[in-house]
Amino acid sequence: MGLLRDLLMGRPNGIRSKLRALLGQKPASGTGAADGASQPVVEPAEHSLRLKVEPPRGVTPPEGFDVVLHRDALEAGKIVEVIVAGTAVAVANVDGTFYAISNACAHAEGPLGEGSLKGDVVTCPYHGWQYSVKDGSCLTNPTAKVKTYPIQIVGDAVCVKL
Ligand code: FES
């Protein structure tokens with residue numbers, strides 16, 4: 001077994017071991033990646049970085065609602081995309097009051113949860129259409145509208161109903 005390991009990984013003081021040391025990798029232990037040292041580092045997505053607080057656990061949402069956020073995860077004046085039962089929803093915090101609208105802009109399905117929020121108006125990051133997060137009305141094109149979703153706060157949990 002030691003010979004096979006040496007053939008595959010190199011001798012303890014061989015060139016492959018020295019190259020691994022130069023690259024900052026741990027030497028082969030013969031047990032694979034049991035200590036996780038050779039696991040790739042996975043950076044969280046940008047969206048994940050914005051939500052620094054996990055949704056509270058142990059909360060029973062009202063019937064038909066899903067817990068989507070901890071209320072401290074989204075500062076006032078911010079909007080974020082969450083996935084509720086496979087559907088992308090944009091949740092906004094307007095001065096401490098939460099609103100939920102479809103994440104898909106009526107123009108070309110731009111991600112409203114990645115837009116900018118000013119007051120109760122979100123601006124689509126793609127072409128700038130603007131919507132009220134309170135009622136989903138479009139300020140740019142009065143014939144357009146996005147769906148709104150009921151929202152309830154249970155303790156620290158922000159809950160959305162599709
Ligand atoms: S996709 Fe939103 S403005 Fe075009």
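Just follow the structure's listing: the first ligand is 1, and inside any ligand the first atom is 1.
- The side-chain heavy atoms of Y149 and T87, taken from C-beta on, include a pair separated by under 4.5 Å.
- When atom types are taken as modelled, the side chain of Y99 and the backbone of S132 share no donor-acceptor pair closer than 3.5 angstrom.
- Between the N103 side chain and the G113 main chain, a donor and an acceptor come within less than 3.5 Å of each other.
- The shortest side-chain heavy-atom distance between V68 and V89 does not fall under the 4.5 Å cut-off.
- Inspection of the Q130 and T140 side chains reveals no N or O donor paired with an N or O acceptor under 3.5 Å.
- Taking distances strictly below 2.8 Å, the protein N/O/S atoms close to atom 4 (Fe) of ligand 1 are H107 ND1, H127 ND1.
- One hydrophobic cluster, built from ILVMFWY side chains closer than 4.5 Å, cannot hold both I83 and V122; they sit in different ones.
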